[in-house]
Every structure is written in C-alpha cells, then in structure tokens.
Amino acid sequence: MQQTGLFTVTKTVDGDTVHVTQAGMEEVEKVRLLAINTPERGRPWYAEATAALASLVQDKSVQLEPEKPGKLQRDRYGRWLAYIIVDGKNANVEMVR
C-alpha cells in the first residue's frame with residue numbers, strides 16, 4: 001500500500017485509531033491519530049469518543065499527513081501515525097474541539 005493519495009476509512013476502532021484501505025487494494029492499514037489520546041474500551045467516554053471520530057471520518061475519503069514531511073512513521077504496534085485530513089479539515093484537531 002502506498003503512503004500517499006486518498007484512503008477510505010473502513011473501520012473506526014476507537015476515538016484515536018481507524019483502519020484504512022486504498023482503491024483497488026485489499027490490504028488494510030491501521031492508523032493512529034497523532035497528538036490526541038482518547039479513552040480505551042471499557043473506560044468512561046470511550047463510546048462518545050469513538051462515535052465522534054466515526055462521524056468525522058467513517059466511510060469517507062481521507063488523506064494521511066505525517067508529523068514530519070516524508071514518510072509515515074509506525075508506532076510500537078505497527079500502526080501508521082498521522083494527521084487525518086477529511087473534507088479539508090484536520091480530524092485530529094476536530095476531535096480535540
């Protein structure tokens with residue numbers, strides 16, 4: 001899977017993690033939103049954070065922007081670390097709002 005171009009969000013895992021695919025590709029990549037941290041499953045506000053992110057990005061075309069220009073980095077769980085741009089807005093910033 002290429003790290004540039006448009007991706008489709010296929011699953012919202014929680015308030016700071018999604019799964020994405022690219023057109024014509026079956027491979028799924030996990031993406032962790034940079035600069036935010038939301039409650040994990042079973043914790044207060046988990047459902048609200050997950051629903052908020054889903055309302056912003058679920059089933060939409062998005063762009064992934066790395067923290068530093070170049071290529072996307074991975075965290076210790078193998079997820080890409082990125083800012084998610086959807087409809088011209090930074091979903092990471094919108095989640096904080």
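Since this is a predicted model, take the numbers as computed values, not measurements.
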Which value, rounded to the nearest 0.5 Å, describes the distance between [X] atom [atom1] and [Y] atom [atom2]?
{"X": "Glu65", "Y": "Leu34", "atom1": "CD", "atom2": "CG", "answer": "10.5 Å"}
{"X": "Leu64", "Y": "Tyr83", "atom1": "CG", "atom2": "OH", "answer": "13.0 Å"}
{"X": "Met95", "Y": "Ile84", "atom1": "CE", "atom2": "CD1", "answer": "10.0 Å"}
{"X": "Phe7", "Y": "Met25", "atom1": "CZ", "atom2": "CE", "answer": "9.5 Å"}
{"X": "Trp80", "Y": "Leu33", "atom1": "CH2", "atom2": "CG", "answer": "14.0 Å"}
{"X": "Leu81", "Y": "Leu72", "atom1": "CG", "atom2": "CG", "answer": "8.0 Å"}

Is it true that a side-chain atom of Gln58 and a backbone atom of Thr12 form a donor plus acceptor pair closer than 3.5 Å? yes

Close side-chain approach of Thr21 to Glu26, heavy-atom, < 4.5 Å: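 SC-SC contact between Thr21 and Glu26 ruled out.
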
Please indicate whether Arg43 has more than 12 foreign heavy atoms, meaning atoms of other residues, nucleotides or ligands, lying under 6.0 Å from its CZ. no

Crowded around Lys89 NZ? As in, over 12 foreign heavy atoms under 6.0 Å?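 Atom NZ in Lys89 is not crowded, with 12 or fewer foreign heavy atoms closer than 6.0 Å.
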
From the options Gln73, Arg74, Lys68, select the one residue that forms a side chain to side chain contact (heavy atoms under 4.5 Å, CB included) with Lys71. Gln73

Closest contact, heavy atoms only, [X] versus [Y]:
{"X": "His19", "Y": "Val13", "value": "NE2-CG2, 3.4 Å"}
{"X": "Pro39", "Y": "Tyr46", "value": "O-CD1, 3.4 Å"}
{"X": "Ser61", "Y": "Val86", "value": "O-CG2, 4.0 Å"}
{"X": "Ala91", "Y": "Val57", "value": "CB-CG1, 3.9 Å"}
{"X": "Asn92", "Y": "Ile36", "value": "O-CG2, 3.7 Å"}

Show your working on side chain to side chain contact (heavy atoms under 4.5 Å, CB included) between Val18 and Leu53 and close with a plain yes or no. CA-CA 9 Å; Val18 297; Leu53 182 58; 3.7 Å; yes

Shared ILVMFWY cluster between Val20 and Tyr77, side chains joined below 4.5 angstrom? no

Quick check: is Ile85 connected to Val9 through a chain of hydrophobic side chains (ILVMFWY, heavy atoms under 4.5 Å apart)? no

Could you walk me through whether Lys60 and Thr8 satisfy the side chain to side chain contact (heavy atoms under 4.5 Å, CB included) test, starting with their C-alpha distance in whole Å, then the side-chain angles of each, then the deciding distance to 0.1 Å, before giving a yes or no? CA-CA 5 Å; Lys60 293 186 180 177; Thr8 300; over 6 Å; no

Would you check, one step at a time, whether the test side chain to side chain contact (heavy atoms under 4.5 Å, CB included) holds for Thr17 with Val31? CA-CA 6 Å; Thr17 306; Val31 178; over 6 Å; no

What I want to check is whether the side chains of Thr50 and Asp14 have a donor and an acceptor closer together than 3.5 Å.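 No, no side-chain donor-acceptor contact under 3.5 Å.
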
